[in-house]
Amino acid sequence: MSLKATSDVDPIKNERTGNVREVGSQAIWSLSSCKPGFGVDQLRDDRADTYWQSDGQLPHLVNIQFQRKTTISDIYIYTDYKLDESYTPSRISIRVGTHFNDLQEIEVIMLTEPSGWVHVPIKDIRDKPIRVFMIQIAVTSNHQNGRDTHMRQIKIHSPIENPSIPIENFLNFSTVEFQQHATIR
């Protein structure tokens with residue numbers, strides 16, 4: 001799948017709609033390698049001016065492990081080719097499973113000079129979000145055959161299963177007994 005990063009993709013806006021929540025904070029994050037001061041903290045700090053920088057051979061791995069099986073609907077990755085050039089990923093593999101030994105590749109994303117959020121919908125064959133214990137994001141190649149990689153942010157979204165019921169649904173009481181209790185003193 002070839003994806004383009006666009007400025008109209010905004011994971012924060014999607015969270016504000018109340019249909020999804022960011023669940024990355026509930027996971028344990030690990031990296032295959034990183035330069036000192038350019039690790040998980042920078043990848044998760046909600047700032048586009050900081051980044052994770054790998055330090056070693058391809059593939060570069062981001063491992064996201066949940067303590068309980070978690071429903072995942074979307075992954076958002078923030079990259080910026082204008083700033084990072086050869087450090088920008090060009091091919092990313094998304095793998096899921098219960099632990100390191102049973103990961104299955106579910107998506108391969110080809111990126112062409114991305115600048116902004118890249119949205120990766122995560123669905124099963126019935127077009128439903130998947131339930132996983134572990135996600136692995138593997139950078140398998142970079143632009144201009146770069147060796148190390150930069151990723152600026154990653155967000156993991158889970159659908160909210162039971163959306164809240166609007167209070168307006170409860171204000172139309174038909175009996176006197178219920179109407180007495182319709183307001184709070």
Please identify each residue that fulfils salt bridge (charged side-chain N to carboxylate O under 4.0 Å, His left out) with [X], with sequence neighbours left out.
X    : value
D127 : none
R47  : D49
D55  : K35

Answer with yes or no whether the side chains of N142 and S90 bring together a donor and an acceptor at under 3.5 Å.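 On atom types as modelled, these side chains do not qualify, holding no pair under 3.5 Å.
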May I have all residue pairs that pass salt bridge (Lys or Arg N to Asp or Glu O under 4.0 Å) and include part of residues 22-31, sequence neighbours excluded?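 Qualifying pairs: E22-R44.
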Any pair counted as salt bridge (Lys or Arg N to Asp or Glu O under 4.0 Å), so long as it reaches residues 70-88, sequence neighbours left out: D84-R152
By side chain to side chain contact (heavy atoms under 4.5 Å, CB included), which residues pair with [X], not counting sequence neighbours?
X    : value
L103 : R95, M134, Q136
S30  : N63
R16  : I12

Sorted by chain and number, sequence neighbours left out, ring-ring contact (aromatic ring centres under 6.0 Å, His included) with Y78 holds for W117
N/O donor to acceptor pairs below 3.5 angstrom from side-chain atoms of residues 65-72, sequence neighbours left out:
residue : atom : partner : partner atom : Å
T70     : OG1  : R68     : O            : 2.8
T71     : OG1  : R131    : NH1          : 3.0

Parallel, tilted or perpendicular for Y81 and H143, by the 30°/60° rule? tilted
H60 side chain to R147 backbone, donor-acceptor under 3.5 Å: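 Yes; judged by distance alone, with no hydrogens or angles, the pair exists.
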Where at least one partner belongs to residues 89-113, residue pairs that pass ring-ring contact (aromatic ring centres under 6.0 Å, His included), sequence neighbours excluded: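 Sorted result for residues 89-113: empty, none.
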Taking ILVMFWY side chains as joined if any heavy atoms are under 4.5 angstrom apart, and letting links pass through other members, which residues group with Y51?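 When side chains under 4.5 Å apart are linked, the cluster holding Y51 also contains F38.
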